[in-house]
Amino acid sequence: MTKADKIVEIYKVLYKSYGPQGWWPFLDHEGTNSLKVGNTQGYHILDYSFPRNELEVFEVCLGSILTQNTSFNSVVKSLRNLKNKNALTPEAIHEMDIDELKLCIKPSGYHNQKSRYILEFITFFNALKGEVPSRDRLLEVLGIGEETADSMLLFGYKQLEFKVDAYTRRILLSLGLIDEKAKYDEIKQLMQEALSASITQKDERLIVYQEYHALIVNHAKLFYSKKPYGRNCFLHEMF
DNA sequence: TTCCAGGCAATAC
DNA sequence: GTATTGCATGGA
């Protein structure tokens with residue numbers, strides 16, 4: 001069984017175990033439906049029409065910054081703080097007092113850094129005028145590294161960019177599919193080549209990229225949060 | 001109390 | 001180029 005085959009099989013097993021996850025965005029920007037805010041079971045499961053507009057794209061990007069090295073429950077608190085002030089828009093945050101912004105995002109940590117990152121991103125976002133940013137341009141923005149860029153592109157802009165995070169590394173390392181010093185791009189290419197080969201339809205592949213990452217996070221929270229990583233992980237029994 | 005969380009930039013070597 | 005460090009809050 002090749003690495004690519006294993007990567008495809010892992011997805012099938014995770015999906016069968018946990019089901020579709022339904023991630024970003026989290027808040028209802030149109031008032032037409034009620035998203036399950038803060039529900040760990042998912043927010044809009046099996047509805048892949050999201051994000052439906054620029055505001056929802058913005059929320060995904062904002063969440064991508066806020067979730068850096070931070071649990072997502074904390075991020076949801078910050079987003080709700082902003083939403084409650086009717087300030088979950090680039091314009092409102094831009095006009096907001098910086099200390100007020102810091103207070104809103106305080107639950108998700110690093111508020112001094114992240115407030116600056118957010119303001120830098122808003123300037124960038126406004127200049128886009130609705131266009132999809134290139135990955136390289138995103139990486140030039142202060143506070144946006146590889147994972148955050150891919151997070152914005154995959155979940156916000158529906159681009160075929162696989163998001164690699166610490167959990168992805170741990171699982172792949174534990175299963176012997178990468179080595180410790182594997183770089184971000186190496187892991188990303190491994191995942192993308194495996195999935196591209198087995199899923200020719202782009203719309204379908206996008207959904208799998210999104211769900212796969214979400215499934216990895218869900219699975220890793222259960223088996224890869226405490227050392228030794230991967231203890232009792234049922235994926236080990238597959239190969 | 002300690003450890004960890006859906007990383008990043010700055011700095012040191 | 002690679003390794004280390006500071007950043008901050010909240011929950012287990």
Side-chain angles (χ1 to χ4, degrees), chain A residues 11 14 18 20-26 37-43 50-51 59-82 98-121 124 135-157 161-174 179-188 191 208-231:
Chain A
Y11 178 75
L14 291 179
Y18 305 118
Q21 298 297 296
W23 262 25
W24 272 315
F26 296 88
V37 176
N39 185 337
T40 54
Q41 294 306 304
Y43 299 82
F50 295 88
E59 189 214 295
V60 174
C61 294
L62 204 55
S64 298
I65 293 171
L66 290 174
T67 197
Q68 290 168 358
N69 204 35
T70 304
S71 73
F72 206 84
N73 283 335
S74 299
V75 175
V76 171
K77 286 180 186 169
S78 297
L79 292 176
R80 295 182 77 176
N81 285 341
L82 290 166
I98 181 89
D99 290 325
E100 191 181 359
L101 173 59
K102 288 180 181 177
L103 193 60
C104 286
I105 67 173
K106 207 157 190 169
S108 31
Y110 310 115
H111 56 272
N112 291 308
Q113 293 184 20
K114 287 179 177 174
S115 59
R116 187 176 168 204
Y117 294 169
I118 289 167
L119 292 174
E120 296 269 352
F121 175 74
F124 175 80
R135 190 170 188 273
D136 286 341
R137 289 287 310 282
L138 272 174
L139 290 172
E140 292 172 3
V141 179
L142 185 73
I144 300 181
E146 292 187 290
E147 183 184 339
T148 305
D150 287 334
S151 184
M152 292 177 175
L153 290 169
L154 178 60
F155 290 100
Y157 289 99
E161 304 283 353
F162 197 91
K163 175 182 176 180
V164 176
D165 68 340
Y167 286 146
T168 311
R169 284 179 177 280
R170 281 181 203 173
I171 292 176
L172 294 179
L173 180 61
S174 181
D179 57 75
E180 309 94 15
K181 55 180 181 62
K183 294 190 170 189
Y184 185 99
D185 200 54
E186 183 183 340
I187 300 170
K188 178 177 174 177
M191 300 300 288
V208 171
Y209 279 18
Q210 292 183 346
E211 293 287 5
Y212 205 154
H213 175 74
L215 286 165
I216 283 172
V217 172
N218 189 71
H219 181 67
K221 279 179 177 171
L222 297 175
F223 300 105
Y224 291 82
S225 285
K226 286 182 295 186
K227 293 182 178 178
Y229 296 143
R231 185 171 53 187

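Residue numbers begin at 1 in each chain, while the letters A, B, ... track the order of the sequences.
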### Summary
DNA chain B: first to last nucleotide in contact with chain A (atom under 4.0 angstrom from a heavy atom), 5' to 3', is B:dC4 to B:dA9
Pairwise [atom1] distance for [N] and [M], with rounding to whole Å:
{"N": "B:dC4", "M": "C:dC7", "atom1": "C1'", "answer": "15 Å"}
{"N": "B:dG6", "M": "C:dT2", "atom1": "C1'", "answer": "24 Å"}
{"N": "B:dC8", "M": "C:dG11", "atom1": "P", "answer": "24 Å"}

Regarding [X], tell me which of base, sugar-phosphate or nothing describes its non-hydrogen contacts under 4.0 Å with the strands shown.
{"X": "A:Glu147", "answer": "sugar-phosphate"}
{"X": "A:Lys102", "answer": "nothing"}
{"X": "A:Tyr110", "answer": "base"}
{"X": "A:Arg170", "answer": "sugar-phosphate"}
{"X": "A:Lys114", "answer": "nothing"}

### Query
Quick one: ring-ring contact (aromatic ring centres under 6.0 Å, His included) partners of A:Tyr167, sequence neighbours excluded?
none
### Task
Not counting sequence neighbours, which residues clear ring-ring contact (aromatic ring centres under 6.0 Å, His included) with A:Phe124? List them please.
none
### Task
Kindly write out the residues that satisfy salt bridge (Lys or Arg N to Asp or Glu O under 4.0 Å) with A:Lys163, not counting sequence neighbours, or none if the list is empty.
A:Glu147
### Query
Excluding sequence neighbours, so at least two apart, what forms salt bridge (Lys or Arg N to Asp or Glu O under 4.0 Å) with A:Glu186?
none
### Query
Are A:Gln21 and A:Val217 close enough that some pair of their side-chain heavy atoms sits under 4.5 Å apart?
no
### Sub-4.0 Å heavy-atom contacts from residues 138-146 of chain A onto DNA chain B, ordered by number
A:Val141, A:Leu142, A:Gly143, A:Ile144, A:Gly145, A:Glu146
### Query
So, for A:Tyr110 and A:Tyr117, is the gap between ring centers shorter than 6.0 Å?
no
Residue list, side-chain contact (heavy atoms from CB on, under 4.5 Å) with [X], at least two apart or on another chain:
{"X": "A:Lys188", "value": "A:Arg135, A:Asp150, A:Glu161, A:Phe162, A:Val164, A:Tyr184, A:Asp185, A:Gln192"}
{"X": "A:Leu172", "value": "A:Thr168, A:Leu177, A:Ile178, A:Ile187, A:Met191"}
{"X": "A:Pro51", "value": "A:Glu56, A:Val57, A:Val60, A:Lys158"}
{"X": "A:His219", "value": "A:Leu14, A:Tyr18, A:Ile171, A:Phe223, A:Tyr224, A:Cys233, A:Phe234, A:Leu235"}

Please list every donor-acceptor pair under 3.5 Å in which a side-chain atom of residues 99-109 of chain A meets a protein atom from a residue at least two apart or in another chain.
residue: A:Glu100; atom: OE2; partner: A:Lys85; partner atom: NZ; Å: 3.0
residue: A:Lys102; atom: NZ; partner: A:Asn112; partner atom: OD1; Å: 3.0
residue: A:Ser108; atom: OG; partner: A:Ser78; partner atom: OG; Å: 2.6
residue: A:Ser108; atom: OG; partner: A:Ile105; partner atom: O; Å: 3.1

### Message
Please identify the 5'-most and 3'-most nucleotides of DNA chain C with any atom under 4.0 angstrom from a heavy atom of chain A.
### Response
C:dT2 to C:dG11
### Task
Find which nucleotide of DNA chain B each of A:Tyr224 and A:Thr148 is nearest to by heavy atoms, and output the residue with the more 5' nucleotide.
A:Tyr224
#### Entry: A:Lys183 or A:Gln113, whichever maps to the more 5' nucleotide of DNA chain C
A:Lys183
